[in-house]
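A quick write-up on the structure given underneath.
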Amino acid sequence: MALSGDIHGSSREGAWRARLTLSPHKRTPTRNQQRRAGRVGVLNLVALAAGQLLLLVASARAETRECLMCHSAPTISRTSAGSAQESVHVDESVLAASVHAKQQCTDCHTDIETVPHEPTEQQVRCDRCHDIVGQMGEAGAFGSGETQPPLAHAVTAPACTDCHGTHDIRPASDPESPTYRMNIPALCATCHAEPRFRAAYGPASGRGVKQYRASVHGQGLATDGLVVAAVCTDCHGTHDIRKVTDPRSPAARAHIPNTCAKCHVGIYKAYVRSVHGMASATGIADAPVCTDCHGEHAIRRPTDPESSVYPTHVAQTCGSCHEDETLQARYGLPGNRMATYLGSYHGVASKYGDAKVANCGTCHGAHDVLPSSDPRSAVNPQNIPRTCGRCHPGAGQNFALGTVHLQPSRKRDVGVFAVRVFYTIFIAALGGAFLVHIALDLIAWRRRAGRKRRGG
Amino acid sequence: MTRDAAEEAATTAGRQFDRLTPSQRGQHLVLLVACVVLVITGLPVLFHGGSMGEATVKLLGGASVRASLHRGGAIVLMGLCTWHLLYVMLSRRAHDDFLRVLPRAQDLREVCQAMRMYVGLATQGPRFGHFSYVEKLQYWAVGLGCGMMILSGLAMWLHDQVMLTLPKIWLDVAWIVHGRGAVFGFLAIIVWHLYNVHLRPGVFPMSTVWLTGKISEQQMRADHALEYEAITGAAPGNTATGTTAPTGPQASEGGGAP
């Protein structure tokens, strides 16, 4: 192990040594006595003058200056045992712009006591000053690898510096900081879009980043420059990020409505009054939360044709639960809703891409959906004229007379059923008669042709 | 061969009888186009379960284009029906044709005669006048079918106005009537009409009446023996079915008028 770079010229070496001896930050007399030992030369006098000048100008930064004597050299590097050469260069201007500009190097690099020093293996401990680090180690997904079995894969959990930087560390409010809101997706993507990350956690693990970038949140941030658009940390947390399967995660199923409500307050208020919201609040895990309809990372604007709640996709989205026979049986949901919708003009037009035609949400409501038995429901018979009237001007009570999800059978919608049966029989009979007549005609023609050949 | 003999031979072999007026042929052509447009733009709604409908709608240019085209076809069809009704009421020739296409007891007798011939109880089929029962069936199927389709179609088109006075079940019925009626109309054209004017022995590959408006003497004697005798004064029996041409009792063109 050795220091290397362009600082090995003997005269310059002497110069920094001389300055160091004059450092005002003397940790212990013993240390300074050691430093002084055998470091006397002509240049020391020059250094003395320079050092005192520094003291006058910026006494608090004097120690940092001492470190920068060596570390500001662009080519300074070290070679640790068994590893490649590694730069230990520190850009003075970067340091000056960082949130720790007023801190001393040794506040973080606590094991450096003498100058010059041997390369150190000791990691910087941010938790000497920052309490948050304690929380991380305690439980978050970014805690230590030992206490978080799922993270004990090939990839190690990130350290403070992986997100916040090192000498260039800036406050999260600084647009230059990697932890500034607009930079967070790119920051998380440095690991989560990485091939090695996907290799360790499976192909799905990296998909979120890609989906987020195309999402309404990602686009809002990147394209529209909306700093309020949700970023990774808004839903997953910051220092206390946990796996979504951990019930304490803000992205855990039970907490999703609250997490989305951090921004979408109005929708949340409608949702908690809905049959879905009430069921979810009572701990029914089957009840849909925001992400079940809107998606997670891939969430899109409802007007986006890719969205799961784009008008022509709503039936499929609602149907993913309401057509599930297990859920129908468990919660007494009426069956055949999707089939009857798709069989109506609304459903057919929607299937063929008509975004104006009614979908489930148009009549039943979306966030405020309630069972039709509830007087507040948009599809309660009392409210049908008003609900239909939103699209059908002048809709009256006639809209409430009859079934919307038509299921013609002997038991219900009998009138329609009778007409259908009559028509089916009529068509079958007449079509059959056509075919029989044609067959008879062809047979008669063959018979005549045969007679003619025989000379008849 | 003298010049007179040659002329006489030419006239005898190629004698043509008027069957469809230019207006009737025009009506038939408009009906053909309207039906093709209506079927192509309508069947995807009826058969919406598979991927065929989706592909068709995509090809047409989307759901709203499909709907507009279908309504455009409907307007053409309604215009055609108006044209036909006015024509029947105002033109003497069309009025006569209309009186002749009205169902009579004679039609039933002709059906019975045809059936007897078909099952081998008779060697001769019925001898028809201007319209055979096959043509009459075609005409009334088209006429009544158009009426049903226009009524039910208009009800659905003007659903908001309809529901001001009628409950929703009427629209549900209109939906069934329109869908089933379309299937029936489709069958009546593909099975009944196309057999009688295209595939039937004697007219194969196609009767040209719908294009020229004329029917040949040979076809006339085979399919409209009574009318032929009435026009030419030929002796009855001279035109017996089965001896002149290999044709059945059906006429060579369907309906004469839409």
Side-chain angles (χ1 to χ4, degrees), chain A residues 312 339 342-345 347-357 388-389 391-404 406 408 413 415-424 426-427 430-431 433-449 451-452 456, chain B residues 44-46 48-49 53-54 56-58 60 62-64 66-67 111 114-115 117-120 123 125 134 137 141 156 159-173 175-177 179-181 183-184 187-188 191-192 195-196 199-202 241-243 246-250:
Chain A
T312 60
L342 290 176
S344 74
Y345 186 77
V348 174
S350 173
K351 186 194 166 180
Y352 292 147
D354 189 338
K356 295 194 302 290
V357 86
C388 297
C391 297
H392 299 280
Q397 274 301 322
N398 278 334
F399 277 76
L401 297 174
T403 329
V404 171
L406 206 59
D413 307 317
V416 179
F417 179 70
V419 172
R420 199 171 75 178
V421 168
F422 167 77
Y423 255 85
T424 307
F426 174 71
I427 290 168
L430 215 53
F434 286 165
L435 288 172
V436 169
H437 194 280
I438 288 167
L440 288 173
D441 196 47
L442 285 168
I443 292 164
W445 171 72
R446 275 185 67 96
R447 204 164 50 218
R448 269 199 308 278
R451 252 202 325 266
K452 229 167 137 191
Chain B
V45 178
L46 189 61
H48 53 79
E54 213 154 0
T56 310
V57 173
K58 212 170 199 172
L60 289 171
S64 58
R66 184 215 64 80
V111 172
M115 291 304 137
M117 187 268 290
Y118 282 149
V119 298
T123 51
V134 172
L137 183 61
M156 291 189 288
H159 50 265
D160 288 343
Q161 286 77 0
V162 169
M163 296 253 289
L164 289 179
T165 48
L166 295 172
K168 182 178 173 287
I169 189 169
W170 287 91
L171 282 187
D172 299 333
V173 167
W175 173 259
I176 300 274
V177 166
R180 297 295 200 271
V183 172
F184 174 69
L187 278 179
V191 178
W192 192 239
Y195 173 74
N196 287 313
L199 304 177
R200 185 164 61 93
T241 307
T243 55
T247 57
Q250 291 87 353

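Each chain gets a letter, A, B and so on, in the order its sequence line appears, and its residues count up from 1. None of these values were measured; they are calculated from a predicted model.
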Query - Nearest heavy atoms of B:Met117 and A:Arg447, plus distance in Å - result: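 Answer, listing the atom of B:Met117 first, then A:Arg447: O-NH2, 2.7 Å.
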Report task. Grab the two heavy atoms, one from A:Arg451 and one from B:Thr123, that are nearest each other, plus how far apart they are. Result ->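 It is NH2-O, 4.1 Å.
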**Report entry** Donor-acceptor contact present, side-chain B:Lys168 to main-chain A:Asn398, <3.5 Å
**Finding:**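 No, the answer is negative, given that no donor and acceptor are paired below the 3.5 Å cut-off.
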Query raised in the report: With distance as the sole test, does A:Asp354 use its side chain to make a donor-acceptor pair with the main-chain N or O of B:Ala63 at under 3.5 Å?
Result: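 Checked: no pair found.
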Check each atom of [X] against the heavy atoms of chain B and say whether the ones under 4.5 Å are side chain, backbone, both or neither.
{"X": "A:Pro393", "value": "both"}
{"X": "A:Ala449", "value": "neither"}
{"X": "A:Ser344", "value": "backbone"}

Query raised in the report: Does the pair B:His48 and A:Tyr352 meet the rule for a side chain to side chain contact (heavy atoms under 4.5 Å, CB included), with working shown?
Result: CA-CA 9 Å; B:His48 53 79; A:Tyr352 292 147; 3.6 Å; yes
Report task. Determine, stepwise, if the pair A:Leu406 / B:Trp175 fulfils side chain to side chain contact (heavy atoms under 4.5 Å, CB included). Result -> CA-CA 11 Å; A:Leu406 206 59; B:Trp175 173 259; 5.6 Å; no
What distance do [X] atom [atom1] and [Y] atom [atom2] have between them, rounded to the nearest 0.5 Å?
{"X": "A:Tyr345", "Y": "B:His159", "atom1": "OH", "atom2": "NE2", "result": "9.0 Å"}
{"X": "A:Asp441", "Y": "B:Asn196", "atom1": "CG", "atom2": "CG", "result": "7.5 Å"}
{"X": "B:Leu164", "Y": "A:His392", "atom1": "CG", "atom2": "NE2", "result": "12.0 Å"}
{"X": "B:Ile176", "Y": "A:Phe417", "atom1": "CD1", "atom2": "CZ", "result": "10.5 Å"}

**Report entry** Pair B:Met115-A:Leu440, side chain to side chain contact (heavy atoms under 4.5 Å, CB included): steps then yes or no
**Finding:** CA-CA 8 Å; B:Met115 291 304 137; A:Leu440 288 173; 4.1 Å; yes
Can you find a pair of side-chain heavy atoms, one from [X] and one from [Y], that are under 4.5 Å apart?
{"X": "A:Asp413", "Y": "B:Asp172", "result": "no"}
{"X": "B:Val57", "Y": "A:Lys351", "result": "no"}
{"X": "B:Tyr118", "Y": "A:Val436", "result": "no"}

Below 4.5 Å, heavy-atom pairs only: which of [options] has the largest tally toward chain A?
{"options": "B:Ala188, B:Ser64, B:Gly62, B:Gly53", "value": "B:Gly53"}
{"options": "B:Ala67, B:Gly179, B:Gly120, B:Ala141", "value": "B:Gly120"}
{"options": "B:Leu199, B:Val119, B:Val191", "value": "B:Val191"}

Please state whether the side chain, the backbone, both or neither of [X] comes within less than 4.5 Å of a heavy atom of chain A.
{"X": "B:Leu166", "result": "backbone"}
{"X": "B:Val45", "result": "both"}
{"X": "B:Met156", "result": "neither"}

Query raised in the report: Taking only residues two or more places apart in sequence, or in another chain, which ones meet B:Thr56 in a side chain to side chain donor-acceptor pair (under 3.5 Å)?
Result: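 Side chain to side chain donor-acceptor pair (under 3.5 Å) check on B:Thr56 returns nothing, list empty.
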Query raised in the report: Taking the inter-plane angle between the rings of A:Phe434 and B:Trp192 on a 0 to 90° scale, is it parallel (under 30°), tilted (30 to 60°) or perpendicular (over 60°)?
Result: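 A:Phe434 vs B:Trp192 ring planes: parallel.
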**Report entry** CA sep, side-chain torsions, deciding dist, call: A:Leu401, B:Ile169, side chain to side chain contact (heavy atoms under 4.5 Å, CB included)
**Finding:** CA-CA 8 Å; A:Leu401 297 174; B:Ile169 189 169; over 6 Å; no
